[in-house]
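Worksheet: one structure, shown below.
We number each residue from 1, following the sequence as shown. Bear in mind that the values here come from a model prediction, so they are computed numbers and not experimental data.
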Amino acid sequence: MSNAHKVRIIARLRPRIEGEVDDGAIQVCHPADNSSSSTSFSTPGTSYISVPNPRDPTELFKYPFSSCYDQASTQEEVFERDVLPLMDIVYSGVTVTIFAYGVTSSGKTHTMQGTKAQPGVIPRAVTTLFERRNAYPQYQTSLSVSYMEIYKDEVYDLLVNRENAPKLPVRECDGQVFVANLSSIPIVNEEVFDGIYTEATKNRSVGATNLNRASSRSHAVLTIEVKMLDPVRNTTLTGKLNLVDLAGSENNKMTGNDHTRMQESSAINKSLSVLGKVVHALNSGQSRIPYRESKLTRILQDALGGSSLGLLICNLAPGVRFRSDTVNTLKFATQTKKIENKPVVNEQENRPVVKPHFAALNIHRPPQQPVTVKAIATQPTAPAPPPLEERPIPIRRGRPSLVPPMTAPLMQIPEGIATSQSTGSGFSGLGLTEEEINERISKAVEVEVARRLEEREREREVARMKEGEERAAAERASVEASSGSGSGTPSRRRSRTRSKSRSPRKEEAKPLPPGVLTPLLKRHKDMDNELQARLQELEKNERGDKEAKLVAALSPVSKKKTGRAYVALARAHSEKGDLQVALDLYRKAETYVPDNIKLKERIIEIEWAVKNERPFVPSPKRTKNKKTKAERKLEKKSGRDRDRERDGAEEEGEEEEKENPPSDDQMDVDEVATSLFGQFGVEITNAGVGAGAGSSPNKRRLEDDDDLEEQGTPAKRAKMNTKVVVYGSDDEEPLAAPTKKGKRKLLV
Ligand SMILES: Nc1ncnc2c1ncn2[C@@H]1O[C@H](COP(=O)(O)OP(=O)(O)OP(=O)(O)O)[C@@H](O)[C@H]1O
């Protein structure tokens, strides 16, 4: 089932006014009694307007309408019969648009506005809406009013002082056309409305013409919005009543308009012409409806083929001179009644109340309402820009800058009215005037801006401190690098360079105050030195412990071999002039052969040289008859044979050591050197160790060290009364010494 509703058309013929010639040609006919009646109206579809063809008086045109009111009809009759029923429709959440159309001086303003004595549709409708409120006790109902005029195709807010009233833009959002920044004032009763309306009407453009002393020079659109909050369902119904008093079409030959009036007239006629085109396009099913060709049609869009219910009051003037225009008006009305609208109910679910963003703003506004709805009815007048109390509340959202600025001060509202607004529920429970709201918003914005500034300043302060620390660290690193041995490794240099180049601006931009950095760096350096000394001490102790454990675990032969290796290294370094390293190595050697007197003497000599920074000249080597390896082996073998034969000794090696200590034993330096390299970071070279002729470049033999050799001989041992204890077997290799010889390629 379609919900299409045709625009309802009623016609009203006004009485003859003073000086006007009325030949009675325009008749309101009621077929029921088959006579024209001056006091009644017929049932819908049975009455019509009868007009003779202006070009052929013998021809009679009949224009049937829903209701036809004759010259004797009263404001009350019109309202009761055709307007009153629409009030309940407004309360059902539907938008209703009533507009008065007709030639100038045909009685549009009289019908819509009326007089004190004969109030028209507008005051009656407002009264009824307030009365109807009680019929819907389930709702918390609030009413508000907005009022604008379209003058020379520009929109002005009639609720602001005329001289300050700016042109308002017509916008569209999600298919809803609205007038941006249009004021909306809550009304609590009809008296309040009357005060506002009376004042606002004074702002309307009116001028005297030959045809009307108070001719409307603009189209006026008054909107009453009725909000019905259902606390049980947590929904809001929004009904709107648009009451439109159009300017009348004018025949400039008759109006006697001056230049200004001509311009106004031109604009009026043009907009009415577009209105005619829109109606025609709708009726002929055109795909493009020219709503945008004038502000009037744009704003009335929703009432013409949209989602609001429409009522067109076709006002007619009885004068002979309006005959032609009256026929045109009737034609337009006939066309309009074919237009179908599809009214919808505006129902919105309410959001939970959002807490205000700042406590500074003590405004409680109705909850924002997202549309969930069955449908949305757009308003021809101002659907989207919600009334003031419902516009986006920036305070809640923390965006004060989005508060729509009041484009002009509100018009002066009579004292009594203003009082009732400020004291009551006029502002939907706000109890605030516009000025008060603006003031509060301004304060809230100030508070927020101050808070943000303060926050930003704090962030800057933290950033400054951080930069200072980074800079100090960078400078420390730089000082260390320059005071250390060179500038560090290339990679460290690169990384420093990188870190510098990452924040050059920061460092340049904010230098530390003078005198701050130097003590900091000194302190840091002292701490560094102390720390380093402690670490070295610890390392030394640890190494000493390790060394002692190692020595304890070695066999005497291994100890001796290791000692020899150290001695060889020490000699190499002493020959190179590295006395300190040589000294360390001799001391190491002493760990393994602690009883070697010559070694002790050597240590003392080098210590003295190091201490006094004197060169050390080692005592010349004593020459000795050396045996070849083959000879030594042979000798060993013969010795073993002898021993076996004599004593049947069990351990060859031990005996060999005891009887033939390795005074001339040749050690594979590579092996020991390899193990020592890891500990001391020193490298043994062939040249440095006095490799003899025939030494392999990869492998050299340590010629017997005279001192050690002598120390190791049984004769010597006896002489010095040194007790030699042999632990373990001879096959025990020094720790970390490779088992295979000559495989390392450490030496060049
Ligand atoms: N039904 C009526 N009963 C008595 N007087 C009426 C009636 N209708 C109109 N008039 C009078 O006719 C004159 C013109 O009416 P009105 O100003 O309402 O016409 P209008 O259509 O609004 O004209 P315009 O388009 O020029 O503004 C007014 O003086 C008004 O009081």
Report yes if some heavy atom in the side chain of [X] is under 4.5 Å from a heavy atom in the side chain of [Y]; otherwise report no.
X      : Y      : answer
Ser271 : Val274 : no
Leu222 : Phe193 : yes
Ile339 : Lys6   : no
Cys29  : Ser50  : yes
Leu304 : Leu282 : yes
Glu225 : Ser184 : no
Phe99  : Ile313 : no
Leu296 : Leu246 : yes

Side-chain ([X]) to main-chain ([Y]) donor-acceptor, under 3.5 angstrom:
X      : Y      : answer
Asn341 : Ala303 : yes
Gln138 : Leu229 : no
Lys337 : Ile9   : no
Lys227 : Ser144 : no
Tyr91  : Leu129 : yes
Lys295 : Tyr151 : no
Asp230 : Val232 : yes
His219 : Ala247 : yes
Asn53  : Leu60  : no
Asn242 : Thr223 : no

Do [X] and [Y] pair up side chain to side chain, a donor and an acceptor below 3.5 Å, judged on atom types alone?
X      : Y      : value
Arg133 : Gln140 : no
Asp82  : Tyr69  : yes
Asn346 : Thr238 : no
Tyr291 : Asp302 : no
Glu190 : Thr127 : yes
Thr111 : Asn315 : yes
Ser218 : Glu149 : yes
Thr74  : Glu76  : no
Thr297 : Ser294 : yes

(message) Check this for me: His280, atom NE2, are more than 12 non-hydrogen atoms of other residues, nucleotides or ligands nearer than 6.0 Å?
(response)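 Atom NE2 in His280 is not packed in, count stays at 12 or less.
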(request) Give a yes or no on this: more than 12 heavy atoms of other residues, nucleotides or ligands lie within 6.0 Å of atom NZ of Lys62. (result)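 Counting other residues, nucleotides and ligands, NZ of Lys62 stays at 12 neighbours or fewer.
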Kindly compute the distance separating [atom1] ([X]) from [atom2] ([Y]), expressed to the nearest 0.5 Å.
X      : Y      : atom1 : atom2 : answer
Asn283 : Thr336 : CG    : OG1   : 7.0 Å
Thr95  : Leu86  : OG1   : CG    : 12.0 Å
Gln27  : Ser47  : CD    : OG    : 13.0 Å
Leu311 : Ser66  : CG    : OG    : 8.5 Å
Asp157 : Asn181 : CG    : CG    : 9.0 Å
Thr97  : Leu241 : OG1   : CG    : 8.0 Å

(request) Begin from the C-alpha positions of Val278 and Leu300 and carry the test side chain to side chain contact (heavy atoms under 4.5 Å, CB included) through to its verdict. (result) CA-CA 10 Å; Val278 165; Leu300 293 181; over 6 Å; no
Could you tell me which non-hydrogen atom of [X] sits nearest to which non-hydrogen atom of [Y], and how far apart they are?
X      : Y      : result
Ile26  : Leu13  : O-CD2, 3.7 Å
Ala180 : Arg171 : CB-NH1, 3.5 Å
Pro186 : Ile196 : O-CD1, 4.5 Å
Leu330 : Cys314 : CD2-SG, 4.3 Å
Val221 : Tyr147 : O-CD1, 3.3 Å
Leu159 : Ala200 : CD2-CB, 3.7 Å

(request) Step by step, work out the side chain to side chain contact (heavy atoms under 4.5 Å, CB included) result for Val344 and Val94. (result) CA-CA 6 Å; Val344 293; Val94 172; over 6 Å; no
(request) State plainly whether the residues Asp153 and Lys270 are in salt-bridge range, i.e. N to O under 4.0 Å. (result)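 Looking at Asp153 and Lys270, the cut-off is not met.
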(request) Decide, yes or no, whether a salt bridge links Glu172 with Arg298 under the criterion of side-chain N to carboxylate O below 4.0 Å. (result)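 Yes, Glu172 and Arg298 are salt-bridged.
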(message) Classify the ring geometry of Tyr63 against Phe61: parallel below 30°, tilted from 30° to 60°, perpendicular beyond 60°.
(response)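 Ring orientation, 0 to 90° scale: perpendicular.
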(request) Might you work through the side chain to side chain contact (heavy atoms under 4.5 Å, CB included) test for Thr128 and Phe79, ending with a clear yes or no? (result) CA-CA 10 Å; Thr128 306; Phe79 181 79; 3.2 Å; yes
(message) Ring centres under 6.0 Å, that's the criterion: do Phe332 and Tyr101 meet it?
(response)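 Ring centres of Tyr101 and Phe332 closer than 6.0 Å.
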(request) Taking side-chain hydrogen bond (donor to acceptor under 3.5 Å, both in side chains) as the test, write out the residues that go with Arg124, two or more places apart. (result)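 Counting only residues at least two positions away or on another chain, Arg124 forms no side-chain hydrogen bond (donor to acceptor under 3.5 Å, both in side chains).
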(request) Using the test side-chain hydrogen bond (donor to acceptor under 3.5 Å, both in side chains), find all partners of Lys277 that sit at least two apart in sequence or belong to another chain. (result)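 Here the qualifying residues are Glu293.
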(message) Assess the residue pair Arg12 and Gln75 against the criterion (side-chain hydrogen bond (donor to acceptor under 3.5 Å, both in side chains)); give the C-alpha distance rounded to whole Å, side-chain angles, the decisive distance to 0.1 Å, and a yes or no.
(response) CA-CA 10 Å; Arg12 187 184 191 191; Gln75 304 278 58; 2.7 Å; yes
(request) List the steps and the verdict of side chain to side chain contact (heavy atoms under 4.5 Å, CB included) for Leu158 and Lys202. (result) CA-CA 9 Å; Leu158 288 172; Lys202 291 177 187 169; over 6 Å; no
With a cut-off of 3.5 Å and sequence neighbours excluded, list every side-chain donor-acceptor pair involving residues 14-21.
{"unit_1": "Arg14", "atom_1": "NE", "unit_2": "Ser105", "atom_2": "O", "d": "2.4"}
{"unit_1": "Arg14", "atom_1": "NH1", "unit_2": "Glu20", "atom_2": "OE1", "d": "2.7"}
{"unit_1": "Arg14", "atom_1": "NH1", "unit_2": "Glu20", "atom_2": "OE2", "d": "3.4"}
{"unit_1": "Arg14", "atom_1": "NH2", "unit_2": "Glu20", "atom_2": "OE2", "d": "2.6"}
{"unit_1": "Arg14", "atom_1": "NH2", "unit_2": "Ser105", "atom_2": "O", "d": "3.0"}
{"unit_1": "Arg16", "atom_1": "NH1", "unit_2": "Glu20", "atom_2": "O", "d": "2.9"}
{"unit_1": "Glu20", "atom_1": "OE1", "unit_2": "Ile17", "atom_2": "N", "d": "3.1"}

